[in-house]
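This report concerns only the one structure given below.
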Amino acid sequence: GGAGGGPAMPVTVHSLRRQAEPLRYTLIALALLLALPSLLLALFPRRLATGLDRLQADAALLQSFAARPGDPPPPLWMDRLGPLEAQRFWAQQRRLWWQFWGPHGDAGSYLVIPASKGQLPPAAALAVDDLWVIAPSPLARQLLAQQLSLQRRPSRGLDQRCTATLLQRTAVHWNGIALAQMLGPMAPFSALLQQGCLQLSSDAGSLVWTGEADATAGTLTAAPAWLAPPARAPMAAPQLLLLQGQRLDLLLRGLNASSLLRTTLAERYGLGPEQWRRLKTAPFTLELRQEPNGPFRAGLQLVVDLPPDRLFWDRWLADLSRSLERQGLERHQPLPRLTSWSRPDGTVVGGWRWLATRRLVWFLGPIPASLPPSGPQMAAPMDVDWRLQLRPQALAQVALLPEPLPLVVRRAQSVQLQGRLERGGASGGSQSSVSGRLELR
């Protein structure tokens, strides 16, 4: 070293290697971070967006159908394409085609078929990515084209899962608009099923389905656990409908969501916040029975296992009695623990009966004739939260079935539908596993 300088440090191969090791590990980690996403995309490629993703955002109801080229073209094909084009394109179908209704159900349904490479589309068809869409009218085609031109966020949760299902098998997707159009005044009772997706199949002459439903926007990430379709459980006259549930809230939440209905029920029947709070956890059975004689087509019974505090419920029934008297109804007590209400002409219109210390039945229509003194047992299975059984043909005969329901439902001899709420999570019990069975005979 020179004069005044410090001692020189010897440079060796070993010291150079030690200095290079941190840099080498950093480069390896960086390479892994860059390569890992590419590797994952290669192993698990994301399903490419299709025209069906875009159509689903504007569809109130969207259904997929299996193509059967050996059969004649379906009526929708004949209506939308005409006889010649319908036959030509139908003969080329091999897998699935789709039908959907927009937010305005009276505008008619759209026919959707896969686009064929190297072939001209049908006349007046709208090309949507890999699909051809044939609208029910030129105006409907123009409105759909305008909607599809808007920027939409990618589908998530239930929507995304349902699109994948609709591309692979026979299925149906709906939202709250479709339910309101089909159910009409009954729509508030379907709050749990505002959006959903079902896979459809046949089982020994029955139509069965499994899937999921949501009371919110359908954006939950994980799908609920699968729920097997119910076994056959035939209903006989005079029963028209039977709904069993573990919580009355499942039936009432749609009513409570409407400020107008909530105010009316509070003012006329004393159903205030405290009554709602206590009633929502009560198990219940709702039954509709046909009445062969008298002024009513059917009688309605609601059996509820009330929470404790009989004094609270007695006070509420006393308040309800005063309200009904102000409305011009007359009170009668033909049997112990039985209260009925009639019009001035003597026609009984409803009432209630205590069946046990905490079991109460409300009825609309005549006094139930077949109700045993001990009351019916709450028969909702423990593995589901609710179960619905109905006889659509019989309901239609007495004009108690909403007319906009699909024809296959209106012609059914019986329908069963059940659901199990997803436990835990941020949904607050809004997501359900759903399954069902439809019998035409």
Side-chain angles (χ1 to χ4, degrees), residues 188-189 191 241-289 291 294 296 298-380 385-386:
F189 296 103
L241 179 148
L242 180 65
L243 175 62
Q244 301 164 310
Q246 304 289 0
R247 292 170 56 95
L248 193 58
D249 179 49
L250 306 182
L251 180 63
L252 298 181
R253 66 170 59 184
L255 299 177
N256 200 27
S258 167
S259 59
L260 178 61
L261 287 174
R262 193 167 59 246
T263 301
T264 301
L265 291 172
E267 292 177 350
R268 299 192 63 179
Y269 304 107
L271 275 173
E274 184 60 22
Q275 284 78 20
W276 284 106
R277 185 186 69 81
R278 298 194 185 205
L279 283 172
K280 67 180 183 180
T281 59
F284 71 94
T285 295
L286 179 72
E287 185 178 9
L288 185 67
R289 300 176 71 90
E291 295 292 337
F296 300 101
L300 188 69
Q301 304 171 30
L302 175 63
V303 183
V304 179
D305 282 352
L306 294 170
D309 195 351
R310 172 68 179 265
L311 183 60
F312 174 85
W313 300 112
D314 283 337
R315 285 199 302 264
W316 174 57
L317 291 176
D319 292 340
L320 176 58
S321 296
R322 287 188 286 271
S323 176
L324 294 176
E325 288 171 348
R326 287 194 296 270
Q327 297 173 42
L329 298 179
E330 298 176 359
R331 177 174 178 166
H332 307 277
Q333 196 159 3
L335 293 172
R337 300 187 297 176
L338 171 63
T339 300
S340 66
W341 295 87
S342 64
R343 298 170 184 158
D345 63 2
T347 302
V348 176
V349 296
W352 56 80
R353 181 178 181 180
W354 285 103
L355 304 176
T357 303
R358 290 171 46 197
R359 180 167 294 174
L360 183 67
V361 56
W362 287 280
F363 59 91
L364 294 177
I367 299 173
S370 60
L371 194 65
S374 59
Q377 297 301 310
M378 310 302 289
D385 288 282
W386 55 269

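Because only heavy atoms are used, hydrogens play no part in the values below, and waters and symmetry mates are left out as well, while side chains stay in.
When all heavy atoms are compared, the tightest approach of Arg353 to Leu360 is O-CD1, 3.4 Å. Val361 approaches Gln301 most closely through the heavy-atom pair CG2-CB, 4.3 Å. Shown here for Asp309 and Arg278, the closest heavy-atom pair between the two residues is OD2-NH1, 3.3 Å. The two residues Ala282 and Asp305 make their nearest non-hydrogen contact at CB-O, 3.3 Å. Across Ala191 and Arg253, no two heavy atoms sit closer than the pair CB-CG, 3.6 Å.
Considering CG of Leu279 and CZ of Arg247, their distance stands at 11.5 Å, rounded to 0.5 Å. Annotation: the span from Glu287 atom CD to Leu302 atom CG amounts to 11.0 Å, rounded to 0.5 Å. Going from atom CZ of Arg277 over to atom CD of Gln275 covers 10.0 Å, rounded to the nearest 0.5 Å. In this structure, the separation between CH2 on Trp386 and CG on Leu286 is 13.5 Å, given to the nearest 0.5 Å. One distance of note links CZ of Arg315 with CG of Leu320; it measures 15.0 Å at 0.5 Å rounding. Atom CZ of Arg289 is separated from atom CG of Leu242 by 9.5 Å, given to the nearest 0.5 angstrom.
Proximity of Trp354 to Asp314: side-chain heavy atoms (C-beta onward) are separated by under 4.5 Å at one or more points. Under the 4.5 Å side-chain criterion, counting only non-hydrogen atoms from C-beta, Leu324 is not in contact with Arg331. In this structure the side chain of His332 never reaches within 4.5 angstrom of the side chain of Val348, judged on heavy atoms. A 4.5 Å side-chain heavy-atom check between Leu248 and Leu251 finds at least one atom pair inside the cut-off. By the 4.5 Å heavy-atom criterion applied to side chains, Pro188 and Leu255 are counted as neighbours. A 4.5 Å side-chain heavy-atom check between Phe296 and Thr347 finds at least one atom pair inside the cut-off.
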Side chain to side chain contact (heavy atoms under 4.5 Å, CB included) evaluation trace for Phe363 with Leu338: CA-CA 11 Å; Phe363 59 91; Leu338 171 63; 3.9 Å; yes

Verdict with supporting geometry, Leu271 and Leu252, side chain to side chain contact (heavy atoms under 4.5 Å, CB included): CA-CA 11 Å; Leu271 275 173; Leu252 298 181; over 6 Å; no

Stepwise side chain to side chain contact (heavy atoms under 4.5 Å, CB included) check, Glu267 with Thr264: CA-CA 5 Å; Glu267 292 177 350; Thr264 301; 5.8 Å; no

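For the pair Arg262 and Trp276, the NZ or CZ position fails the cation-pi test of under 6.0 Å to the six-membered ring centre and within 45 degrees of the ring normal.
The only member of Phe284, Trp313, Trp316 that meets ring pair (Phe, Tyr, Trp, His ring centres under 6.0 Å) when paired with Trp362 is Trp316.
A salt bridge between Glu325 and Arg322 is absent, with no side-chain N of the basic residue lying under 4.0 Å from a carboxylate O of the acidic one.
Formation of a donor-acceptor pair under 3.5 Å by the Ser323 side chain with backbone atoms of Arg268 is found in this model.
Taking the salt bridge (Lys or Arg N to Asp or Glu O under 4.0 Å) definition, one finds that Arg358 meets it with nothing, sequence neighbours left out. Scored by the salt bridge (Lys or Arg N to Asp or Glu O under 4.0 Å) test, Arg326 finds no partners at all (sequence neighbours excluded).
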